[in-house]
Asker: 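Shown below is the structure under consideration.
As the structure lists them, so they are numbered: ligands from 1, and atoms in each ligand from 1.
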Amino acid sequence: MIVITTPTGDIGGQVLNALLESELAGGEKLRVVVRDPAKLADPVRDRVEVVPGSHRDADVVDRAFAGANAVFWLVPPAPRAPSLEVAYPGFTEAAARAFTTHGVEHVVGVSALGRGTPVADRAGLVTAALAVDDLIAGTGVAYRALANPTFMDNLLRQVDSIRDRGVFTHTVVAERRSPTAATRDIASAAAGLLLDRSWTGVGSVPVLGPEDLSPDDLARTMSEVLGTPVRYERQSLEDFGATLAGYGVSDAFVRGMVDMMRAKEEGLDDGVRRTPDTASPTTFREWCEEVLKPAVLG
Ligand SMILES: NC(=O)c1ccc[n+]([C@@H]2O[C@H](COP(=O)([O-])OP(=O)(O)OC[C@H]3O[C@@H](n4cnc5c(N)ncnc54)[C@H](OP(=O)(O)O)[C@@H]3O)[C@@H](O)[C@H]2O)c1
């Protein structure tokens, strides 16, 4: 039995689809934990066991992990949380206990790059995500943390600005190159780890994308693929924080986002070398053609 959290989310949904399309060893079953089962597509709901509720809650994970061998674990973004401790390790506490109670053998979690870098302990959301990895690793379960850079897919939040004004924003220097990965590659790495569970112990699996790119590089490729000029506008950390606060994001989450962006500028995502094992296949150009362009064209 493999349990998948966030089956209605970007990564969780793609993990579920990948597993549904795979040969599951020995007739292994899939179970999803979902707040609103009506959000699952009918053909999906017919092929999985459904545990309704939030995977933060002890009674829900107790039901979800009974008889489970492996779990895909993702902490949802919680922009209104009173603290990052509540949003990340706090969200995972009941599950960590339930992994042990129910003898879950393998867990694959969605985490972030940064462990071992000098800024790891002041990187806001990433520091909190690394604390989740430590919490899960401390249970004794075999654990792989997917160590992710900034997602290419974050740009989908700026589709209106890209289409209407030819502008996208971020906070890093225009020429600063960093890794970026497509969520489809992150989901595929998760599905691979869930399907072949010959791994043991604790470790991280970086998903670095095929190349480091700067905001200017992204603007150039978007302009070419969309056939219309797109330029990068750098936002100060103060303006970035004020924009988030304007959307009703909690003080703690704003601080966490700002600290994470500052840490990215200071090398948070630069600690892992790209090798055939840490690279992931989808290029930014492919992602623009297959995901961004259809979204921009509506
Ligand atoms: N964006 C980045 O660049 C980046 C980089 C590194 C790591 N990450 C990590 O990636 C994760 C985000 O993944 P994603 O993009 O796949 O997320 P997403 O698309 O925003 O999906 C969020 C999922 O969480 C569920 N959810 C929301 N609040 C919940 C709650 N209180 N209880 C239970 N379920 C809840 C949602 O379900 P409903 O349908 O019920 O709302 C949905 O399935 C975060 O952990 C983040 O820290 C992000």
Side-chain angles (χ1 to χ4, degrees), residues 3-18 32-41 44-45 50-61 64 72-82 84 86-95 108-115 120 123-133 135-136 145-158 170-172 178-191 204-209 213 218 244 253 256-257 259-261 263-264 268-269 272 280 284 287 291:
V3 177
I4 295 135
T5 63
T6 69
T8 57
D10 184 8
I11 299 174
Q14 296 181 84
V15 172
L16 177 59
N17 285 340
V32 302
V33 189
V34 60
R35 292 194 293 185
D36 178 3
K39 281 192 180 176
L40 296 171
V44 169
R45 207 173 322 108
V50 177
V51 173
S54 168
H55 52 303
R56 176 186 191 110
D57 296 343
D59 59 321
V60 174
V61 288
F72 168 74
W73 184 253
L74 187 143
V75 176
R80 286 180 170 63
L84 296 184
V86 167
Y88 279 84
F91 192 97
T92 309
E93 267 163 21
V108 176
V110 171
S111 187
L113 285 170
R115 188 173 289 281
L125 267 61
V126 169
T127 305
L130 298 177
V132 169
D133 296 337
L135 175 64
I136 297 176
L146 296 168
N148 299 304
T150 303
F151 301 167
M152 294 177 189
D153 305 72
N154 292 351
L155 283 165
L156 293 175
R157 296 185 202 129
Q158 302 198 48
H170 193 39
T171 58
V172 300
S178 328
T180 176
T183 56
R184 59 166 73 158
D185 291 351
I186 298 163
S188 155
S204 71
V205 175
V207 183
L208 292 184
L213 295 168
L218 302 181
L244 292 176
F253 208 83
M257 291 287 287
D259 288 348
M260 176 176 72
M261 292 309 185
K264 281 184 183 278
L268 183 71
D269 289 357
V272 180
S280 58
F284 184 64
W287 181 84
V291 181

Asker: Ser54 heavy atoms, cut-off 4.0 Å: which ligand 1 atoms fall inside?
Answerer: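 In order of number, 30 (C), 32 (N), 33 (C).
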
Asker: I need the atoms of ligand 1 closer than 4.0 Å to a non-hydrogen atom of Pro149, numbered in the order shown.
Answerer: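 Heavy-atom distances to Pro149 below 4.0 Å select 5 (C), 6 (C).
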
Asker: With respect to Val110, determine whether any N or O atom, backbone or side chain, lies less than 3.5 Å from an N or O atom of ligand 1.
Answerer: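 In fact, backbone or side chain, Val110 has no N or O that close.
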
Asker: Side chain or backbone, does Thr150 bring an N or O within less than 3.5 Å of an N or O on ligand 1?
Answerer: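 N/O-N/O distance below 3.5 Å does not exist for this pair.
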
Asker: Specify whether His55 and Trp73 have parallel, tilted or perpendicular ring planes, treating 30° as the upper limit for parallel and 60° as the lower limit for perpendicular.
Answerer: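 The arrangement is perpendicular - the two ring planes meet at more than 60°.
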
Asker: Hey, is ligand 1 close enough to Lys39 that some N/O pair sits below 3.5 Å?
Answerer: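 So ligand 1 has an N or O lying under 3.5 Å from an N or O of Lys39.
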
Asker: So, is Pro77 polar-close to ligand 1, with some N/O to N/O distance under 3.5 Å?
Answerer: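 Pro77 vs ligand 1: no N/O contact under 3.5 Å.
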
Asker: Ignoring hydrogens, just give me the one of Leu113, Asn154, Thr8 whose non-hydrogen atom is nearest atom 39 (O) of ligand 1.
Answerer: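 Nearest option to atom 39 (O) of ligand 1, by heavy atoms: Thr8.
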
Asker: His55 heavy atoms, cut-off 4.0 Å: which ligand 1 atoms fall inside?
Answerer: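 Result: 33 (C), 34 (N).
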
Asker: Using a plain distance cutoff, I'd like to know if Gly9 has any nitrogen or oxygen under 3.5 Å from a nitrogen or oxygen of ligand 1.
Answerer: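 Between Gly9 and ligand 1, an N or O pair is found under 3.5 Å apart.
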
Asker: Does ligand 1 have a heavy atom under 4.0 Å from the side chain of Leu74, from its backbone, from both, or from neither?
Answerer: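 The part of Leu74 near ligand 1 is the side chain, not the backbone.
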
Asker: Would you say Ser111 has any N or O atom under 3.5 Å from an N or O of ligand 1, going by distance alone?
Answerer: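 Min N/O separation from ligand 1 is not below 3.5 Å for Ser111.
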
Asker: So, 4.0 Å and heavy atoms of Val75: is ligand 1 close enough to count as a contact?
Answerer: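 So Val75 counts as touching ligand 1.
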
Asker: Any idea which part of Trp73 is under 4.0 Å from ligand 1, heavy-atom wise: side chain, backbone, both or neither?
Answerer: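 The answer is neither.
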
